[in-house]
Amino acid sequence: LLHWSAVLAAGKPRPQKEAEAAASARDKATAATLYTLRRAGKDLWGTLAPGVALEASQQLLDSLAGQLVGDVVRKQDIGESEAAELVALYRPLAEQSVRELLSDADLSSQGSLEGLALRDLVADALRHRCGALRKLDAVLGLLGARLAQIVEAWERGQLQGAGLSLGEVQRLVVALFEDTDYRAQCLQRMECCD
């Protein structure tokens with residue numbers, strides 16, 4: 001996946017056929033990553049005690065999401081088409097990683113809670129514990145947002161609540177938007193709210 005992100009960063013226009021082949025390869029890389037998560041979940045939950053499996057699952061998801069966040073935040077210039085491609089590349093992982101990690105996991109040996117779906121409880125616990133997944137979701141949302149929306153989200157504390165620092169948001173703003181007086185004013189407004 002990070003390879004496809006680097007290809008996007010090259011920013012070279014591609015002929016239609018080449019772009020379709022790249023999109024197909026991107027989709028295959030995403031599917032392969034989700035499949036790897038499914039296999040890992042089966043192994044983790046099939047061999048470890050529930051608390052240890054939950055902790056290991058959290059570490060795995062946080063590591064993956066953290067790498068994806070870092071990849072986006074490190075970019076120095078992100079055009080509209082690249083932003084859309086990054087969202088297409090990483091959004092399935094942000095939305096499906098917990099479900100895929102638990103899809104083949106044998107949770108029946110973990111005991112049962114009458115009337116409660118154990119898989120849903122574990123999924124909710126993972127989503128709650130995985131701060132990097134929330135951060136990834138916020139970063140992906142910023143890639144398609146207007147500058148005013150980003151500033152408003154910062155002022156309301158939504159981005160800080162998702163785990164983003166002022167520096168990370170500023171780097172994204174600089175990468176996404178042209179150097180204008182308006183951008184400088186927005187960056188200054190965010191600094192004043194910090």
Side-chain angles (χ1 to χ4, degrees), residues 1-5 8 23-74 83-145 149-150 152-165 168-169 172:
L1 288 170
L2 295 178
H3 165 74
W4 292 111
S5 174
L8 291 173
S24 175
R26 176 199 68 214
D27 293 343
K28 286 179 183 176
T30 300
T33 302
L34 291 171
Y35 175 75
T36 300
L37 284 172
R38 189 176 322 121
R39 294 282 312 267
K42 183 177 181 178
D43 291 342
L44 289 172
W45 289 91
T47 58
L48 300 174
V52 177
L54 183 65
E55 181 68 27
S57 296
Q58 174 194 344
Q59 290 175 4
L60 176 64
L61 292 172
D62 273 341
S63 176
L64 173 64
Q67 287 182 26
L68 301 180
V69 166
D71 176 58
V72 174
V73 171
R74 279 190 301 273
E85 284 287 328
L86 286 167
V87 171
L89 181 64
Y90 293 159
R91 177 65 68 194
L93 296 171
E95 293 176 350
Q96 300 172 30
S97 60
V98 171
R99 185 185 72 227
E100 288 299 316
L101 185 74
L102 298 174
S103 66
D104 288 346
D106 180 16
L107 299 177
S108 62
S109 64
Q110 309 301 329
S112 66
L113 301 170
E114 192 154 329
L116 297 175
L118 190 55
R119 190 173 311 279
D120 292 340
L121 289 174
V122 172
D124 288 345
L126 276 172
R127 283 186 199 95
H128 177 73
R129 293 173 61 139
C130 292
L133 277 177
R134 288 188 300 280
K135 192 172 186 177
L136 176 60
D137 188 54
V139 166
L140 295 175
L142 294 179
L143 290 176
Q149 293 170 317
I150 295 172
E152 289 170 14
W154 181 260
E155 289 174 341
R156 287 192 308 266
Q158 292 173 319
L159 301 178
Q160 300 93 316
L164 286 164
S165 69
E168 290 169 325
V169 175
L172 278 171

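What you see is a predicted model, and the numbers here were worked out from it, not measured in a lab.
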Taking all non-hydrogen atoms of both residues, which atom of Pro92 and which atom of Leu34 are closest, and how far apart?
O-CD2, 4.4 Å
Quick one: side chain to side chain donor-acceptor pair (under 3.5 Å) partners of Asp104, sequence neighbours excluded?
none
How long is the gap from CZ on Arg127 to CD on Gln58, to the nearest 0.5 Å?
14.0 Å
Holding to salt bridge (charged side-chain N to carboxylate O under 4.0 Å, His left out), I want the full list of residues that pass it with Arg119, two or more places apart in sequence or in another chain.
none
Compare every heavy atom of Leu89 with every heavy atom of Thr30, then report the nearest pair and how far apart it is.
OG1-O, 3.5 Å
Derivation of the side chain to side chain contact (heavy atoms under 4.5 Å, CB included) call for Leu54 and Leu48:
CA-CA 9 Å; Leu54 183 65; Leu48 300 174; over 6 Å; no
Suppose we screen for side chain to side chain donor-acceptor pair (under 3.5 Å). Which residues come up paired with Thr47, at least two apart in sequence or across chains?
none
Could you tell me which residues satisfy side-chain contact (heavy atoms from CB on, under 4.5 Å) with Ala132, sequence neighbours excluded, listed by chain and number?
Asp62, Ala65
Close side-chain approach of Val98 to Cys130, heavy-atom, < 4.5 Å
no
Check salt bridge (charged side-chain N to carboxylate O under 4.0 Å, His left out) between Arg134 and all other residues, then give those that pass, not counting sequence neighbours.
none
Return the set of residues passing side chain to side chain donor-acceptor pair (under 3.5 Å) with Glu55 (not counting sequence neighbours), or none when no residue passes.
Gln59, Arg129
Test item: Leu159 and Ile150 side chains (from C-beta on) under 4.5 Å apart, heavy atoms:
yes
Any Leu64 side-chain heavy atom under 4.5 Å of Leu136 side chain:
no
Results of side-chain contact (heavy atoms from CB on, under 4.5 Å) for Ser57 - residues two or more places apart only:
Leu44, Trp45, Leu101, Leu126
Heavy atoms, side chains only, cut-off 4.5 Å: are Leu142 and Val72 in contact?
no
Rounded at 0.5 Å granularity, tell me how far OG in Ser103 sits from OH in Tyr35.
10.5 Å
With sequence neighbours excluded, residues passing side-chain contact (heavy atoms from CB on, under 4.5 Å) with Ala32
none
Listed partners of Val87 passing side-chain contact (heavy atoms from CB on, under 4.5 Å), at least two apart
Arg91, Leu140, Leu143
Interatomic distance, Gln96 atom CD to Arg99 atom CZ [nearest 0.5 angstrom]:
4.5 Å
Return each pair, listed once, that meets salt bridge (charged side-chain N to carboxylate O under 4.0 Å, His left out) where at least one residue sits in residues 34-43; pairs must be two or more places apart or across chains.
Arg38-Glu100
List for me each residue that meets side chain to side chain donor-acceptor pair (under 3.5 Å) alongside Glu168, sequence neighbours excluded, and say none if there are none.
Lys135, Ser165
